[in-house]
Amino acid sequence: MADCLFCGIADGKIKVNLVYQDDAVLAFKDISPKAPVHILIIPRKHIASVLDLDSSDGAVIGQIFQVAGRLAREQGVADSGFRVVANSGADAGQSVFHLHYHLLGGRQMAWPPG
Ligand code: AMP
Ligand code: ZN
């Protein structure tokens, strides 16, 4: 989609620190990390948010969570613990309207989140 930052990243027009890619999914380091491990995992397909998922998107969401587990192991936070979070809408603080999951780990986290 034109003017979408994460579509630009998926198309290779905007350079990021890529840590994983396949036909459907891309993962890269967050530019403003909120934890020692902070990776964004996105579908290549433009989906604006959780609210815009449909039944054909099940496979890519499953793939995103498999990649999250693989990266958690690779980044050394599988045993210590980590979060996989999708912010949706204003109250949750979503700032980029291309679906993405934050993989966060490497420090103690609070619950409930702020
Ligand atoms: P959210 O606020 O949940 O929509 O998350 C958007 C995330 O994208 C934020 O954590 C930003 O730091 C991150 N971000 C924005 N631009 C870039 C970029 N060019 N490369 C990597 N991460 C980015
Ligand atoms: Zn997009």
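Counting convention: from 1, in listed order, for ligands and their atoms alike.
Scanning all protein heavy atoms for the shortest distance to atom 2 (O) of ligand 1 gives Ser95 OG, 2.9 Å. The protein heavy atom nearest to atom 7 (C) of ligand 1 is Asp30 OD2, 3.5 Å. Protein heavy atom in closest approach to atom 5 (O) of ligand 1: His100 NE2, 2.9 Å.
Leu103 contributes atom CG, which lies 10.0 Å from atom CZ of Phe65 (distance to the nearest 0.5 angstrom). Expressed to the nearest 0.5 Å, how far CE of Met109 lies from NZ of Lys34 amounts to 13.0 Å. Distance CZ/Arg70 to CD/Gln66: 10.0 Å, rounded to 0.5 Å. The distance from the NE2 atom of His38 to the CD atom of Gln75 is 12.0 Å, given to the nearest 0.5 Å.
Val19 and Ile9 are members of different hydrophobic clusters when ILVMFWY side chains are connected at heavy-atom separations under 4.5 Å. Both Leu53 and Val84 belong to a common hydrophobic cluster when Ile, Leu, Val, Met, Phe, Trp and Tyr are linked at side-chain heavy-atom distances under 4.5 angstrom. Hydrophobic clustering, with ILVMFWY side chains joined whenever heavy atoms are under 4.5 angstrom apart, groups Phe82 together with Val67. Cluster membership for Ile42 and Leu5, using ILVMFWY side-chain heavy atoms within less than 4.5 angstrom, is shared.
Not a single N or O atom of His38, backbone or side chain, sits closer than 3.5 Å to an N or O atom of ligand 1. Of the N or O atoms in Gln94, none lie within a sub-3.5 Å distance of an N or O in ligand 1. Below 3.5 Å of separation, one finds no N or O of Ile14 facing any N or O of ligand 1. Not a single N or O atom of Val16, backbone or side chain, sits closer than 3.5 Å to an N or O atom of ligand 1.
Those atoms of ligand 1 that come under 4.0 Å of a heavy atom in Phe6, given as number and element, are 8 (O). Every atom of ligand 1 with a heavy atom of Asn87 under 4.0 Å away is listed here by number and element: 3 (O). Listed by number with element, the atoms of ligand 1 under 4.0 Å from a non-hydrogen atom of Lys29 are 21 (C). Close contacts of ligand 1 with Ser32, meaning ligand atoms under 4.0 Å from a residue heavy atom, involve 12 (O). Every atom of ligand 1 is numbered from 1 in the order shown, and the set under 4.0 Å from a heavy atom of Leu40 is 7 (C), 8 (O), 13 (C), 22 (N).
Residues meeting the salt bridge (charged side-chain N to carboxylate O under 4.0 Å, His left out) test with Asp23, sequence neighbours left out: none.
Between the side chains of Asp30 and Ser32, no donor-acceptor pair of N or O atoms lies under 3.5 Å.
Inter-residue side-chain proximity for Lys45 and Asp57 is flagged as met; some heavy-atom pair is nearer than 4.5 Å.
In this structure, His102 has its ring center under 6.0 Å from that of His100.
The number of protein N/O/S atoms found under 2.8 Å from the Zn ion (ligand 2) is 4.
When each of Leu40, Ile61, Val25 is paired with Tyr101, the side chain to side chain contact (heavy atoms under 4.5 Å, CB included) condition holds for Ile61 and for no other.
At a 4.0 Å heavy-atom cut-off, ligand 1 does not touch Tyr101 at all.
A heavy-atom separation below 4.0 Å is not found between Phe97 and ligand 1. No heavy atom of Lys34 sits closer than 4.0 Å to any atom of ligand 1.
Taking a cutoff of 4.0 Å between a charged side-chain nitrogen and a carboxylate oxygen, Arg44 and Asp11 do not qualify as a salt bridge.
Selection from Leu5, Leu104, Ile42, Ile31 by nearest heavy atom to atom 20 (N) of ligand 1 gives Ile31.
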